[in-house]
2 protein chains.
Amino acid sequence: MKVAPPARKTLDQVARYADMFSAMGTEPRLRIMQLLLSAHPAGLVVGDIQEEVDIPNSTLSHHLEKLKSEGLVNVRRESTFLRYTANTEALQELLRFLYSECCTRNQALKPEEIIRICK
Amino acid sequence: MKVAPPARKTLDQVARYADMFSAMGTEPRLRIMQLLLSAHPAGLVVGDIQEEVDIPNSTLSHHLEKLKSEGLVNVRRESTFLRYTANTEALQELLRFLYSECCTRNQALKPEEIIRICK
DNA sequence: TCTATATTTCTGCAATTATCGAAATATGAA
DNA sequence: TTCATATTTCGATAATTGCAGAAATATAGA
């Protein structure tokens, strides 16, 4: 008996989450996300990030472009500065997805292993 | 005033989580993880996975190698078959890390946006 | 106002590195 | 040996990195 293949829409969703994971899938970019979350909601300008990551500025710029294009960060200009902030809606979606896959849709992990329920 | 840089150990941890995100950072590999979680704890043999993912078998093999090398799956031989299973310990670590960064260490997201607390 | 200069960050391109897939190889069972 | 399952090898294609230069904005001085 053949099982129905996953809906197109579902596969698109998975592809989108995969792209987000990929965006967080290098040490510099994951570190950048940590910094932006620490500075949330104010965010950081590029120069502030630059001081923390020890990579050339053009490389940093490429990394920020990647995070932006996958929707994990937002940017706005402040005169000559560009201020980056974590996109919490996107992170929430991604975290819910991972939590759901591991703990809800399948019961591979127990919720209480991740989070203290009812402190 | 200068802030102390992150400890070496901490950066290594971040690099490891980044590698795990990278391993889940393509549609086929994320799909494979979904399949293995759905089939947990029994797991699946390569042929079973092959039927679901519509990619050449050599490519599938490369993807499985990547997931294995980042510790997201375990493998054991069953005669001529290789049976892959999700490594729930690794997934738990990764999920805890992401949850912690978003909801605990920084309060960028509210826990109740991810999980129903106290059903 | 116009020009020059300084500051911040991005973009273009070339070298390196990683990924994909066809063909060949390995592994185990009968 | 032969068949079935899955990996490994290796060349072609694509992505990443970082240097050099450009773009955007602000400010000062003529």
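All values below come from the heavy atoms of this structure, side chains included, with hydrogens, waters and symmetry mates left out.
- Salt bridge present: B/R76 and B/E78 bring a charged side-chain N and a carboxylate O closer than 4.0 Å.
- Along DNA chain D, the stretch of nucleotides lying under 4.0 Å from any heavy atom of chain A spans, 5' to 3', D/dT17 to D/dA26.
- Aromatic ring orientation, A/F21 versus A/F97: tilted (interplanar angle from 30° to 60°).
- Electrostatic pairing of B/K68 and B/E65 counts as a salt bridge here, judged by a charged N lying under 4.0 Å from a carboxylate O.
- At a threshold of 4.5 Å between non-hydrogen side-chain atoms, the residues B/N87 and B/N74 count as touching.
- Rounded to an integer number of Å, the gap from B/F81 CZ to C/dA30 C1' is 13 Å.
- Considering only heavy atoms from C-beta on, B/L91 comes within 4.5 Å of B/M24 through its side chain.
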For every nucleotide of nucleotides 16-22 of chain C, 5' to 3': is a protein heavy atom under 4.0 Å from its base (B), only from its sugar-phosphate (S), or from neither (-)?
-> ----SBB
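- Considering only heavy atoms from C-beta on, A/L64 comes within 4.5 Å of A/V46 through its side chain.
- With respect to B/R31, the side-chain contact (heavy atoms from CB on, under 4.5 Å) criterion is satisfied by exactly one of B/M33, B/R29, B/Q34: B/Q34.
- Classification of A/R16 and A/D12 as a salt-bridged pair fails, no side-chain N sitting under 4.0 Å from a carboxylate O.
- Of the side-chain N and O atoms in A/Y84, one or more sit less than 4.0 angstrom from OP1 or OP2 of C/dC10.
- In this structure, A/L44 places its CG atom 15 Å from P of C/dT8, rounding to the nearest Å.
- Residue A/G47 is the one, among A/G47 and B/T80, whose nearest nucleotide of DNA chain C lies closer to the 5' end (criterion: closest heavy atom).
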